[in-house]
Structures are given as structure tokens and as C-alpha cells.
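Report on the following structure.
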Amino acid sequence: MCADIEKLREVLDSFKSAGIEYLHIDVMDGVFVPNYTLGTDYVKQLRRLSDIPLDIHLMIERPEDKISWFDPRPGEYFSVHTESTPHIHRALSKIREAGAKPMAAVNPGTHYRCIEHLLDYIDAVLVMCVNPGYAGQALIESSIPKIANLRRWLDMSGHAGIEIEVDGNVSFANAKRMREAGANIFVAGSSSVFSPSFSIPGAIAKLRDVIG
Ligand code: ZN
């Protein structure tokens, strides 16, 4: 969403040479969040342009009806919001059945304990650190202790293998704090990798440096 469409190939080449692990794709439906962004055709074209695995973040209502539209592949992450459907197990199971890695996403106002009954169905938790909808928002400060508490709770409940992804204002300074709190997947957007103050390779190197 943050990449300049005119320079998309150049951006993808920089990501490939920097060893970026996933391309995070924000899909918004104008209902679950107040914005429209990337959709099925964009995902199809992106898979044609790059072999970096996708990490598809579905900010859409009733995702269980639409997961197949995105043709999930083994090795990809798909995240669905706990707030977006009354049938979250159905959505997570469809991702798993397709061979992709299911991730449960929680908004800043949602307690992480809402995933308690999903733990056997997920590989990761996506902690939103801003309310989803737009790039360039300021961090909701309670996200940092939330990540730390979630990490501790997962470890103590026998789920140390479940990863934590952070999304929203992952700036260089915030990324360091998120890392210390226990996050291990970082969605880099306009406040780091796409910051106008850095080249993309320079920003990636700086981000890798702060998260160690
Ligand atoms: Zn996202």
C-alpha cells in the first residue's frame, strides 16, 4: 500500500536483494475499515512480479467467504481480524486447509485474550498498533505493554511457537520497543522503509539494526 506504483518493480528488486521475508498486503473493504485498498487483481499481479511470499492482511467483513478469492499458497501468511466475523474458526481453518499460515489480528481496543480459543488454529497473532484504515497514524501507546503481556501469556500457556506480528507506526524507535516487548514480525511502512528521509536499502538496514 505504501509503495509508489510508478516504482513498484524497483521497490520489489530492493526488497529481494535485501532479503525481505514477506510482502505485507493490506486489503480493506470500506466496511470493516474506512478505506479501500488492494484487492484480488493486485495480489495476482504481485505474485507474477515477485517470488517473495505474501503476508495478506484481510481488513474485511466475513473473511471466511472471501479467502479463496486470494488463492492462498503454502508459505504465505493470511491474517483475519477477530472483530470481523462471528465465525473466526471457519476463516482460520480455510487458510490452514489451503496450506497457508493462519494469523489472528486484533485491533488496539481488543484484548489479546480474545484469541484464547483460537490458539490451536493459528501460527501467529497480528497486534494492530493503530486503528486500521490509513498509513501515517501515531502509535497507540498501550500497544507496547499489550505485546509484552501477550508474549508472556503465550509462552506460559505452552504456545511459545506462536509468533507476534506488529503493524502500525513501526518506526525505527517504536520497532526497537516492540522487539524488546516480544514481537518478531515487523510491518514496515511509511514510518520506516518508505520514509522519504532514507533510501529503501538504507531504511531496511537501519530497521534490521534496531531490531537486532
Ligand atoms: Zn497491515
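In this text, all values refer to a predicted model and were calculated from it rather than measured experimentally. Note that ligands are numbered from 1 as they come in the structure, with each ligand's atoms numbered from 1 the same way.
- Between Arg96 and Asp123 there is a salt bridge, since a side-chain N of the basic residue sits under 4.0 Å from a carboxylate O of the acidic one.
- The nearest N/O/S atom of Asp26 to the Zn ion (ligand 1) is OD1.
- In His24, the N, O or S atom that comes nearest to the Zn ion (ligand 1) is NE2.
- In this structure, OD2 of Asp167 and ND1 of His57 enclose an angle of 90° at the Zn ion (ligand 1), rounded to 10°.
- With sequence neighbours left out, the side-chain contact (heavy atoms from CB on, under 4.5 Å) criterion links Asp51 to Lys16.
- Listed here is the closest heavy atom pair of Ala18 and Ile204: CB-CD1, 3.7 Å.
- A salt bridge links Asp155 to Arg151: one of the charged nitrogens lies within less than 4.0 Å of a carboxylate oxygen.
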